[in-house]
Amino acid sequence: MEDAFQNDAIDAQRALKAKRMKLFITFAAGMAGLLFGLDIGVIAGALPFITTHFDLSSRLQEWVVSTMMLGAALGAISTGWISFRLGRKTSLTAGAALFVLGSLGSAMAPNVVILLISRVLLGFAVGIASYVAPLYLSEMSEKENRGKLISMYQMMVTIGILVAFISDTIFSYGGHWRMMLGIISLPALLLMISVFGLPDSPRWLASKGKFEKAKSILRMLNTTDAKADSELEEIHESLKVKQEGWSLFKENKNVRRAVYLGMLLQAMQQFTGMNVILYYAPQIFKHAGFANTEQQMIATVICGATNVLATLIAMKTVDKQGRKPVLKIGFAGIALGTFLLGVCLFMINAGFSALWISIFAILMTLFTIASFAMSAGPVVWILCSEIQPLKSRDFGVACSTTTNWIVNMIIGATFLTLINTFGIAATFWIYTCLNVLFVVLTILLIPETKGISLENIEKNLMEGKRLRDIGV
Ligand code: BGC
(Lines give C-alpha, C1' and ligand atoms only; values in the text may rest on other atoms or scores of the structure.)
Protein backbone atom coordinates (compact mmCIF):
# COMPACT_ATOMS: atom_id res chain seq x y z
CA MET A 1 0.00 0.00 0.00
CA GLU A 2 2.73 2.42 1.04
CA ASP A 3 4.80 1.35 -1.97
CA ALA A 4 1.90 2.13 -4.29
CA PHE A 5 1.62 5.60 -2.77
CA GLN A 6 5.32 6.14 -3.16
CA ASN A 7 5.21 5.03 -6.81
CA ASP A 8 2.29 7.33 -7.51
CA ALA A 9 4.20 10.23 -5.99
CA ILE A 10 7.28 9.44 -8.10
CA ASP A 11 5.12 9.22 -11.25
CA ALA A 12 3.46 12.54 -10.49
CA GLN A 13 6.82 14.15 -9.85
CA ARG A 14 8.20 12.79 -13.11
CA ALA A 15 5.15 13.95 -15.08
CA LEU A 16 5.53 17.41 -13.56
CA LYS A 17 9.22 17.53 -14.47
CA ALA A 18 8.51 16.42 -18.05
CA LYS A 19 5.76 19.02 -18.35
CA ARG A 20 8.04 21.78 -17.05
CA MET A 21 10.80 20.80 -19.44
CA LYS A 22 8.38 20.86 -22.39
CA LEU A 23 7.08 24.26 -21.35
CA PHE A 24 10.62 25.54 -21.20
CA ILE A 25 11.39 24.12 -24.67
CA THR A 26 8.24 25.76 -26.06
CA PHE A 27 9.19 29.03 -24.40
CA ALA A 28 12.73 29.02 -25.83
CA ALA A 29 11.65 28.11 -29.36
CA GLY A 30 8.80 30.63 -29.10
CA MET A 31 11.39 33.28 -28.18
CA ALA A 32 13.19 32.48 -31.45
CA GLY A 33 9.89 33.06 -33.31
CA LEU A 34 9.33 36.28 -31.38
CA LEU A 35 12.78 37.57 -32.34
CA PHE A 36 12.14 36.66 -35.98
CA GLY A 37 9.01 38.81 -35.86
CA LEU A 38 10.65 41.63 -33.87
CA ASP A 39 13.36 41.94 -36.49
CA ILE A 40 10.90 41.93 -39.38
CA GLY A 41 8.68 44.49 -37.67
CA VAL A 42 11.17 46.92 -36.19
CA ILE A 43 12.41 48.44 -39.43
CA ALA A 44 9.06 49.96 -40.46
CA GLY A 45 9.10 52.46 -37.60
CA ALA A 46 12.85 53.00 -37.49
CA LEU A 47 13.38 53.64 -41.21
CA PRO A 48 12.00 57.19 -41.45
CA PHE A 49 14.29 58.31 -38.59
CA ILE A 50 17.32 56.43 -39.95
CA THR A 51 16.67 58.05 -43.34
CA THR A 52 16.78 61.51 -41.80
CA HIS A 53 19.77 60.73 -39.58
CA PHE A 54 22.02 59.39 -42.35
CA ASP A 55 20.31 61.34 -45.15
CA LEU A 56 19.60 58.15 -47.10
CA SER A 57 18.59 57.93 -50.76
CA SER A 58 15.68 55.63 -51.70
CA ARG A 59 18.20 53.04 -52.87
CA LEU A 60 20.00 53.01 -49.52
CA GLN A 61 16.70 52.87 -47.66
CA GLU A 62 15.83 49.75 -49.66
CA TRP A 63 19.20 48.28 -48.70
CA VAL A 64 18.71 49.02 -45.01
CA VAL A 65 15.48 47.03 -45.24
CA SER A 66 16.64 44.20 -47.45
CA THR A 67 20.17 43.44 -46.22
CA MET A 68 18.48 41.61 -43.36
CA MET A 69 16.68 39.38 -45.86
CA LEU A 70 19.97 38.77 -47.68
CA GLY A 71 21.50 37.63 -44.39
CA ALA A 72 18.43 35.48 -43.70
CA ALA A 73 18.70 33.77 -47.10
CA LEU A 74 22.39 33.06 -46.38
CA GLY A 75 21.46 31.87 -42.87
CA ALA A 76 18.71 29.55 -44.11
CA ILE A 77 20.87 28.09 -46.88
CA SER A 78 23.80 27.30 -44.60
CA THR A 79 21.85 26.24 -41.53
CA GLY A 80 20.90 22.87 -43.01
CA TRP A 81 24.59 22.02 -42.89
CA ILE A 82 25.32 23.73 -39.56
CA SER A 83 22.39 22.14 -37.75
CA PHE A 84 23.17 18.72 -39.20
CA ARG A 85 26.86 18.91 -38.21
CA LEU A 86 26.69 20.77 -34.90
CA GLY A 87 23.16 20.04 -33.78
CA ARG A 88 20.02 22.11 -33.27
CA LYS A 89 21.05 23.44 -29.87
CA THR A 90 24.46 24.71 -30.98
CA SER A 91 22.88 26.33 -34.05
CA LEU A 92 20.26 28.06 -31.91
CA THR A 93 23.01 29.28 -29.54
CA ALA A 94 24.94 30.69 -32.50
CA GLY A 95 21.72 32.27 -33.80
CA ALA A 96 20.99 33.87 -30.42
CA ALA A 97 24.52 35.26 -30.15
CA LEU A 98 24.20 36.76 -33.64
CA PHE A 99 20.83 38.26 -32.65
CA VAL A 100 22.53 40.08 -29.75
CA LEU A 101 25.49 41.18 -31.89
CA GLY A 102 23.34 42.30 -34.81
CA SER A 103 20.89 44.28 -32.65
CA LEU A 104 23.63 46.08 -30.73
CA GLY A 105 25.64 46.66 -33.91
CA SER A 106 22.72 48.24 -35.75
CA ALA A 107 21.70 50.31 -32.70
CA MET A 108 25.19 51.74 -32.30
CA ALA A 109 26.10 52.02 -36.00
CA PRO A 110 28.16 55.19 -36.53
CA ASN A 111 27.60 55.02 -40.30
CA VAL A 112 25.48 53.29 -42.92
CA VAL A 113 28.09 50.66 -43.78
CA ILE A 114 28.18 49.34 -40.19
CA LEU A 115 24.39 49.48 -40.12
CA LEU A 116 24.18 47.39 -43.30
CA ILE A 117 26.74 44.85 -42.01
CA SER A 118 24.85 44.55 -38.70
CA ARG A 119 21.61 44.04 -40.62
CA VAL A 120 23.21 41.14 -42.54
CA LEU A 121 24.35 39.59 -39.22
CA LEU A 122 20.89 40.04 -37.78
CA GLY A 123 19.45 38.47 -40.91
CA PHE A 124 21.77 35.50 -40.53
CA ALA A 125 20.33 35.01 -37.03
CA VAL A 126 16.77 35.24 -38.37
CA GLY A 127 17.64 32.72 -41.11
CA ILE A 128 18.96 30.29 -38.50
CA ALA A 129 15.93 30.80 -36.25
CA SER A 130 13.43 30.37 -39.11
CA TYR A 131 14.97 27.03 -40.04
CA VAL A 132 16.11 25.52 -36.74
CA ALA A 133 13.39 26.51 -34.28
CA PRO A 134 10.46 24.79 -36.08
CA LEU A 135 12.69 21.79 -36.79
CA TYR A 136 13.75 21.57 -33.13
CA LEU A 137 10.15 21.95 -31.97
CA SER A 138 8.94 19.21 -34.30
CA GLU A 139 11.69 16.91 -33.04
CA MET A 140 11.01 17.61 -29.37
CA SER A 141 7.22 17.27 -29.46
CA GLU A 142 4.95 14.26 -29.45
CA LYS A 143 3.22 13.65 -32.76
CA GLU A 144 -0.19 14.53 -31.29
CA ASN A 145 0.71 18.17 -30.74
CA ARG A 146 3.36 18.74 -33.39
CA GLY A 147 1.04 20.81 -35.63
CA LYS A 148 -0.11 22.90 -32.69
CA LEU A 149 3.44 23.70 -31.65
CA ILE A 150 4.49 24.76 -35.13
CA SER A 151 1.44 27.03 -35.48
CA MET A 152 2.32 28.47 -32.08
CA TYR A 153 5.71 29.35 -33.53
CA GLN A 154 4.02 31.16 -36.46
CA MET A 155 1.84 32.99 -33.99
CA MET A 156 4.93 34.16 -32.09
CA VAL A 157 6.33 35.60 -35.33
CA THR A 158 3.24 37.78 -35.78
CA ILE A 159 3.26 38.75 -32.10
CA GLY A 160 6.92 39.77 -32.54
CA ILE A 161 5.95 42.02 -35.45
CA LEU A 162 3.20 43.62 -33.35
CA VAL A 163 5.44 44.15 -30.32
CA ALA A 164 8.05 45.78 -32.59
CA PHE A 165 5.41 48.12 -33.99
CA ILE A 166 4.29 49.08 -30.46
CA SER A 167 7.85 49.64 -29.25
CA ASP A 168 8.58 51.68 -32.41
CA THR A 169 5.56 53.83 -31.65
CA ILE A 170 6.70 54.46 -28.09
CA PHE A 171 10.24 55.40 -29.15
CA SER A 172 9.05 57.40 -32.14
CA TYR A 173 7.93 60.25 -29.85
CA GLY A 174 11.55 61.22 -29.29
CA GLY A 175 12.75 59.87 -32.65
CA HIS A 176 14.88 57.30 -30.76
CA TRP A 177 15.62 54.91 -33.62
CA ARG A 178 18.73 53.54 -31.87
CA MET A 179 16.57 52.45 -28.93
CA MET A 180 14.09 50.81 -31.32
CA LEU A 181 16.88 48.66 -32.77
CA GLY A 182 18.82 48.17 -29.54
CA ILE A 183 15.98 47.04 -27.28
CA ILE A 184 15.75 43.82 -29.30
CA SER A 185 19.07 42.74 -27.80
CA LEU A 186 17.25 42.11 -24.49
CA PRO A 187 14.97 39.30 -25.73
CA ALA A 188 17.95 38.08 -27.77
CA LEU A 189 19.98 37.85 -24.56
CA LEU A 190 17.11 36.03 -22.88
CA LEU A 191 17.02 33.55 -25.78
CA MET A 192 20.77 33.03 -25.48
CA ILE A 193 20.53 32.29 -21.76
CA SER A 194 17.57 29.96 -22.15
CA VAL A 195 19.15 28.03 -25.01
CA PHE A 196 21.93 26.94 -22.61
CA GLY A 197 19.30 25.13 -20.54
CA LEU A 198 17.83 23.27 -23.51
CA PRO A 199 18.50 19.59 -24.09
CA ASP A 200 19.79 18.60 -27.51
CA SER A 201 17.31 16.99 -29.85
CA PRO A 202 17.21 13.21 -29.26
CA ARG A 203 16.61 12.67 -32.96
CA TRP A 204 19.76 14.55 -33.87
CA LEU A 205 21.76 12.78 -31.15
CA ALA A 206 20.57 9.43 -32.46
CA SER A 207 21.51 10.41 -36.02
CA LYS A 208 25.03 10.93 -34.69
CA GLY A 209 25.02 7.49 -33.04
CA LYS A 210 24.68 8.90 -29.50
CA PHE A 211 21.84 6.60 -28.48
CA GLU A 212 22.47 6.58 -24.73
CA LYS A 213 22.32 10.36 -24.53
CA ALA A 214 19.21 10.38 -26.74
CA LYS A 215 17.62 7.80 -24.44
CA SER A 216 18.26 9.82 -21.29
CA ILE A 217 16.73 12.96 -22.83
CA LEU A 218 13.69 11.03 -24.05
CA ARG A 219 13.24 9.61 -20.56
CA MET A 220 13.35 13.13 -19.16
CA LEU A 221 10.67 14.27 -21.63
CA ASN A 222 8.35 11.29 -21.24
CA THR A 223 6.22 10.21 -18.33
CA THR A 224 7.30 6.55 -18.50
CA ASP A 225 10.44 4.72 -19.59
CA ALA A 226 8.38 2.49 -21.87
CA LYS A 227 7.08 5.52 -23.79
CA ALA A 228 10.58 6.93 -24.10
CA ASP A 229 12.00 3.64 -25.33
CA SER A 230 9.28 3.18 -27.92
CA GLU A 231 9.95 6.70 -29.21
CA LEU A 232 13.64 5.88 -29.48
CA GLU A 233 12.69 2.79 -31.45
CA GLU A 234 10.62 4.95 -33.84
CA ILE A 235 13.54 7.34 -34.26
CA HIS A 236 15.75 4.35 -35.00
CA GLU A 237 13.33 3.22 -37.70
CA SER A 238 12.99 6.64 -39.28
CA LEU A 239 16.77 7.08 -39.38
CA LYS A 240 16.91 4.16 -41.77
CA VAL A 241 15.54 6.59 -44.35
CA LYS A 242 18.73 8.41 -45.23
CA GLN A 243 18.42 12.03 -46.33
CA GLU A 244 19.63 12.15 -49.91
CA GLY A 245 18.28 15.47 -51.05
CA TRP A 246 20.74 16.69 -53.62
CA SER A 247 21.41 13.34 -55.31
CA LEU A 248 17.68 12.57 -55.50
CA PHE A 249 17.02 16.06 -56.84
CA LYS A 250 19.46 15.43 -59.68
CA GLU A 251 18.18 11.92 -60.45
CA ASN A 252 14.46 12.00 -59.81
CA LYS A 253 12.03 14.12 -61.78
CA ASN A 254 9.31 13.78 -59.16
CA VAL A 255 11.55 14.98 -56.35
CA ARG A 256 12.45 17.98 -58.54
CA ARG A 257 8.73 18.68 -59.05
CA ALA A 258 8.17 18.78 -55.28
CA VAL A 259 11.17 21.02 -54.68
CA TYR A 260 10.07 23.43 -57.44
CA LEU A 261 6.50 23.45 -56.11
CA GLY A 262 7.78 24.39 -52.63
CA MET A 263 9.90 27.16 -54.10
CA LEU A 264 6.99 28.42 -56.19
CA LEU A 265 4.73 28.46 -53.13
CA GLN A 266 7.19 30.55 -51.13
CA ALA A 267 7.81 32.89 -54.08
CA MET A 268 4.03 33.35 -54.39
CA GLN A 269 3.73 34.04 -50.67
CA GLN A 270 6.32 36.81 -50.87
CA PHE A 271 5.19 38.31 -54.18
CA THR A 272 1.75 38.91 -52.64
CA GLY A 273 3.39 42.11 -51.40
CA MET A 274 2.46 41.54 -47.74
CA ASN A 275 5.92 42.42 -46.48
CA VAL A 276 6.02 45.62 -48.50
CA ILE A 277 3.14 46.75 -46.32
CA LEU A 278 4.83 45.57 -43.14
CA TYR A 279 8.22 47.15 -43.94
CA TYR A 280 6.96 50.41 -45.35
CA ALA A 281 3.66 50.86 -43.48
CA PRO A 282 4.34 54.37 -42.14
CA GLN A 283 5.40 55.56 -45.61
CA ILE A 284 2.25 54.10 -47.13
CA PHE A 285 0.13 55.93 -44.56
CA LYS A 286 2.03 59.12 -45.33
CA HIS A 287 1.06 58.74 -48.99
CA ALA A 288 -2.50 58.06 -47.84
CA GLY A 289 -2.64 61.53 -46.33
CA PHE A 290 -1.54 61.00 -42.71
CA ALA A 291 1.21 63.60 -42.51
CA ASN A 292 1.88 63.26 -38.81
CA THR A 293 4.26 60.54 -37.58
CA GLU A 294 2.10 59.71 -34.57
CA GLN A 295 -0.93 58.89 -36.74
CA GLN A 296 1.27 56.82 -39.07
CA MET A 297 2.67 54.82 -36.16
CA ILE A 298 -0.74 54.16 -34.62
CA ALA A 299 -2.04 52.95 -37.99
CA THR A 300 1.03 50.69 -38.19
CA VAL A 301 0.28 49.17 -34.77
CA ILE A 302 -3.27 48.46 -35.93
CA CYS A 303 -1.74 46.61 -38.92
CA GLY A 304 0.33 44.45 -36.56
CA ALA A 305 -2.69 43.67 -34.39
CA THR A 306 -4.77 42.71 -37.44
CA ASN A 307 -2.00 40.35 -38.51
CA VAL A 308 -2.01 38.59 -35.11
CA LEU A 309 -5.80 38.30 -34.93
CA ALA A 310 -6.18 36.99 -38.47
CA THR A 311 -3.41 34.42 -37.86
CA LEU A 312 -5.28 33.27 -34.77
CA ILE A 313 -8.41 32.70 -36.87
CA ALA A 314 -6.38 30.89 -39.56
CA MET A 315 -4.93 28.52 -36.97
CA LYS A 316 -8.44 27.46 -36.04
CA THR A 317 -9.81 27.11 -39.59
CA VAL A 318 -7.01 25.78 -41.76
CA ASP A 319 -7.55 22.13 -40.88
CA LYS A 320 -11.30 22.42 -41.42
CA GLN A 321 -11.53 24.42 -44.66
CA GLY A 322 -8.57 22.87 -46.46
CA ARG A 323 -5.51 24.53 -47.95
CA LYS A 324 -6.60 25.18 -51.54
CA PRO A 325 -9.87 27.13 -51.02
CA VAL A 326 -8.21 29.18 -48.28
CA LEU A 327 -5.32 30.06 -50.61
CA LYS A 328 -7.62 30.96 -53.53
CA ILE A 329 -9.79 33.23 -51.40
CA GLY A 330 -6.70 34.73 -49.73
CA PHE A 331 -4.96 35.66 -53.01
CA ALA A 332 -8.24 37.04 -54.38
CA GLY A 333 -8.66 39.12 -51.20
CA ILE A 334 -5.13 40.51 -51.47
CA ALA A 335 -5.75 41.33 -55.15
CA LEU A 336 -8.90 43.25 -54.22
CA GLY A 337 -7.28 44.98 -51.24
CA THR A 338 -4.18 46.15 -53.13
CA PHE A 339 -6.33 47.25 -56.09
CA LEU A 340 -8.59 49.44 -53.93
CA LEU A 341 -5.63 50.73 -51.90
CA GLY A 342 -4.07 51.76 -55.23
CA VAL A 343 -7.29 53.53 -56.21
CA CYS A 344 -7.30 55.51 -52.93
CA LEU A 345 -3.65 56.49 -53.34
CA PHE A 346 -4.26 57.44 -56.97
CA MET A 347 -7.14 59.71 -55.96
CA ILE A 348 -5.10 61.34 -53.19
CA ASN A 349 -2.16 61.93 -55.57
CA ALA A 350 -4.59 63.44 -58.09
CA GLY A 351 -5.64 66.00 -55.48
CA PHE A 352 -8.89 64.48 -54.11
CA SER A 353 -7.92 64.59 -50.48
CA ALA A 354 -10.70 63.74 -48.08
CA LEU A 355 -10.62 62.04 -44.70
CA TRP A 356 -12.85 59.21 -45.88
CA ILE A 357 -10.40 58.31 -48.65
CA SER A 358 -7.53 58.14 -46.15
CA ILE A 359 -9.60 55.99 -43.79
CA PHE A 360 -10.67 53.74 -46.64
CA ALA A 361 -6.97 53.38 -47.59
CA ILE A 362 -6.21 52.15 -44.06
CA LEU A 363 -9.16 49.76 -44.15
CA MET A 364 -7.93 48.31 -47.45
CA THR A 365 -4.43 47.90 -46.00
CA LEU A 366 -5.93 45.99 -43.07
CA PHE A 367 -8.08 43.92 -45.43
CA THR A 368 -4.96 42.98 -47.42
CA ILE A 369 -3.07 42.03 -44.26
CA ALA A 370 -5.97 39.94 -42.96
CA SER A 371 -6.37 38.17 -46.31
CA PHE A 372 -2.68 37.22 -46.20
CA ALA A 373 -2.61 36.22 -42.55
CA MET A 374 -5.63 33.94 -42.95
CA SER A 375 -4.26 32.22 -46.05
CA ALA A 376 -0.80 32.36 -47.64
CA GLY A 377 0.90 33.31 -44.33
CA PRO A 378 0.41 30.02 -42.51
CA VAL A 379 -0.80 27.76 -45.37
CA VAL A 380 2.36 28.09 -47.48
CA TRP A 381 4.57 26.99 -44.58
CA ILE A 382 2.25 24.06 -43.88
CA LEU A 383 2.13 22.95 -47.55
CA CYS A 384 5.89 23.28 -47.93
CA SER A 385 6.51 20.79 -45.15
CA GLU A 386 3.80 18.40 -46.42
CA ILE A 387 4.71 18.02 -50.08
CA GLN A 388 8.36 16.96 -49.80
CA PRO A 389 9.12 13.23 -49.92
CA LEU A 390 10.65 11.95 -46.69
CA LYS A 391 14.06 11.17 -48.19
CA SER A 392 14.57 14.69 -49.46
CA ARG A 393 12.51 16.61 -46.90
CA ASP A 394 15.39 18.55 -45.30
CA PHE A 395 16.73 19.54 -48.72
CA GLY A 396 13.29 20.51 -50.07
CA VAL A 397 12.41 22.62 -47.03
CA ALA A 398 15.83 24.32 -47.10
CA CYS A 399 15.26 25.21 -50.80
CA SER A 400 11.77 26.63 -50.19
CA THR A 401 12.79 28.55 -47.03
CA THR A 402 15.74 30.10 -48.85
CA THR A 403 13.43 31.10 -51.71
CA ASN A 404 11.19 32.81 -49.16
CA TRP A 405 14.08 35.00 -48.00
CA ILE A 406 15.50 35.71 -51.46
CA VAL A 407 12.13 36.89 -52.80
CA ASN A 408 11.52 38.73 -49.53
CA MET A 409 14.77 40.60 -50.23
CA ILE A 410 13.75 41.33 -53.83
CA ILE A 411 10.44 42.89 -52.84
CA GLY A 412 12.07 44.87 -50.01
CA ALA A 413 14.80 46.10 -52.34
CA THR A 414 12.51 47.18 -55.16
CA PHE A 415 9.51 48.85 -53.51
CA LEU A 416 10.78 52.42 -53.35
CA THR A 417 12.30 52.15 -56.86
CA LEU A 418 8.94 50.91 -58.17
CA ILE A 419 7.19 53.83 -56.47
CA ASN A 420 9.67 56.32 -57.91
CA THR A 421 9.32 54.80 -61.38
CA PHE A 422 5.60 54.01 -61.65
CA GLY A 423 4.03 55.88 -58.74
CA ILE A 424 2.60 54.30 -55.58
CA ALA A 425 -0.83 53.46 -57.03
CA ALA A 426 0.56 51.58 -60.03
CA THR A 427 3.04 49.79 -57.74
CA PHE A 428 0.13 48.32 -55.78
CA TRP A 429 -1.63 47.43 -59.03
CA ILE A 430 1.44 45.42 -60.06
CA TYR A 431 0.89 43.41 -56.87
CA THR A 432 -2.82 43.14 -57.76
CA CYS A 433 -1.93 41.53 -61.10
CA LEU A 434 0.49 39.13 -59.43
CA ASN A 435 -2.18 38.04 -56.93
CA VAL A 436 -4.69 37.42 -59.72
CA LEU A 437 -2.04 35.24 -61.38
CA PHE A 438 -1.61 33.36 -58.07
CA VAL A 439 -5.33 32.52 -57.94
CA VAL A 440 -4.93 30.89 -61.36
CA LEU A 441 -1.69 29.12 -60.37
CA THR A 442 -3.37 27.81 -57.21
CA ILE A 443 -6.21 26.35 -59.26
CA LEU A 444 -3.81 24.78 -61.78
CA LEU A 445 -0.93 23.57 -59.62
CA ILE A 446 -1.57 23.45 -55.90
CA PRO A 447 -2.73 20.17 -54.31
CA GLU A 448 -5.26 19.85 -51.49
CA THR A 449 -3.45 18.04 -48.69
CA LYS A 450 -6.04 18.37 -45.92
CA GLY A 451 -6.54 15.09 -44.09
CA ILE A 452 -4.22 13.15 -46.44
CA SER A 453 -1.34 11.22 -44.92
CA LEU A 454 2.15 12.31 -45.87
CA GLU A 455 2.83 8.79 -47.14
CA ASN A 456 -0.09 9.06 -49.58
CA ILE A 457 1.02 12.44 -50.86
CA GLU A 458 4.50 11.00 -51.45
CA LYS A 459 3.11 7.92 -53.21
CA ASN A 460 1.03 10.05 -55.59
CA LEU A 461 3.94 12.36 -56.31
CA MET A 462 6.29 9.48 -57.05
CA GLU A 463 3.70 7.84 -59.34
CA GLY A 464 3.95 10.96 -61.47
CA LYS A 465 0.41 12.26 -60.80
CA ARG A 466 -0.24 15.91 -61.71
CA LEU A 467 0.89 18.21 -58.90
CA ARG A 468 -2.63 19.39 -58.20
CA ASP A 469 -3.72 15.78 -57.77
CA ILE A 470 -1.05 14.53 -55.37
CA GLY A 471 -3.28 15.16 -52.40
CA VAL A 472 -6.25 13.18 -53.71
C1 BGC B 1 6.02 35.23 -43.95
C2 BGC B 1 6.81 36.44 -43.57
C3 BGC B 1 5.85 37.52 -43.12
C4 BGC B 1 4.96 37.02 -42.00
C5 BGC B 1 3.92 38.06 -41.65
C6 BGC B 1 5.18 34.77 -42.78
O7 BGC B 1 4.43 33.65 -43.12
O8 BGC B 1 6.89 34.20 -44.39
O9 BGC B 1 7.56 36.88 -44.67
O10 BGC B 1 6.54 38.66 -42.68
O11 BGC B 1 4.30 35.82 -42.40
O12 BGC B 1 3.10 37.65 -40.64
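Keep in mind that the numbers below use all heavy atoms, side chains included, and drop hydrogens, waters and symmetry copies. Counting starts at 1 for both ligands and their atoms, following the listed order.
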*Asks:* Which one of Gln269, Met155, Gln266, Met69 has a non-hydrogen atom at the shortest distance from atom 8 (O) of ligand 1?
*Replies:*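 Checking each option, the heavy atom nearest atom 8 (O) of ligand 1 is found in Gln269.
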*Asks:* Can you list the residues that meet the side-chain contact (heavy atoms from CB on, under 4.5 Å) rule with Ala164, with sequence neighbours excluded?
*Replies:*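 Leu38, Val42.
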*Asks:* Quick one: look at Asn408 and ligand 1, take heavy-atom pairs under 4.0 Å, and tell me if it's side chain, backbone, both or neither.
*Replies:*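 Side chain only.
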*Asks:* Near Thr158, which atoms of ligand 1 are under 4.0 Å from a heavy atom of that residue?
*Replies:*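 Every atom of ligand 1 under 4.0 Å from some heavy atom of Thr158: 12 (O).
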*Asks:* Using every non-hydrogen atom in the two residues, find where Ala335 and Val436 come nearest and quote the distance to one decimal.
*Replies:*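 Closest heavy-atom pair between Ala335 and Val436: CB-CG2, 4.0 Å.
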*Asks:* Just let me know how Asn404 lines up against ligand 1, side chain, backbone, both or neither, with a heavy-atom cut-off below 4.0 Å.
*Replies:*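 Within the 4.0 Å criterion, Asn404 contacts ligand 1 through side-chain atoms alone.
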*Asks:* So, does Val157 sit close enough to ligand 1 that a heavy atom of it is under 4.0 Å from the ligand?
*Replies:*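 False for this residue.
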*Asks:* Below 30° counts as parallel, above 60° as perpendicular, anything between as tilted: where do the rings of Trp246 and Phe395 land?
*Replies:*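 Trp246 and Phe395: tilted rings.
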*Asks:* Does any N/O atom on Gly377 come nearer than 3.5 Å to any N/O atom on ligand 1?
*Replies:*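 Yes; at least one N/O pair falls below 3.5 Å.
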*Asks:* Would a line drawn from the ring center of Phe360 to the ring center of Phe367 be shorter than 6.0 Å?
*Replies:*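 For Phe360 and Phe367, the ring centres are not under 6.0 Å apart.
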*Asks:* Test of understanding: with side-chain hydrogen bond (donor to acceptor under 3.5 Å, both in side chains), list the residues that count as partners of Lys450, not counting sequence neighbours.
*Replies:*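 Listed in chain order: nothing, the list is empty.
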*Asks:* Short list, please: which atoms of ligand 1 are under 4.0 Å from a heavy atom of Trp381?
*Replies:*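 Per the distance check, 6 (C), 7 (O), 8 (O).
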*Asks:* Among all protein non-hydrogen atoms, which one is nearest to atom 11 (O) of ligand 1, and what is the separation to 0.1 Å?
*Replies:*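 Looking only at protein heavy atoms, the one closest to atom 11 (O) of ligand 1 is Phe372 CE2, 3.6 Å.
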*Asks:* Report yes if the distance between the aromatic ring centroids of Phe415 and Tyr279 is under 6.0 Å, otherwise no.
*Replies:*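 Aromatic pair excluded; centres sit 6.0 Å or further apart.
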*Asks:* Is the closest N or O pair between Asn275 and ligand 1 shorter than 3.5 Å?
*Replies:*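 N/O-N/O distance below 3.5 Å exists for this pair.
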*Asks:* Can you give me the closest heavy-atom contact between Leu265 and Cys384, atom names plus distance?
*Replies:*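 Scanning both residues, the minimum pair turns out to be CB-SG, 4.2 Å.
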*Asks:* Using a 4.0 Å heavy-atom cut-off, say whether Asn307 meets ligand 1 through its side chain, its backbone, both or neither.
*Replies:*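 Side chain only; the backbone of Asn307 stays clear of ligand 1.
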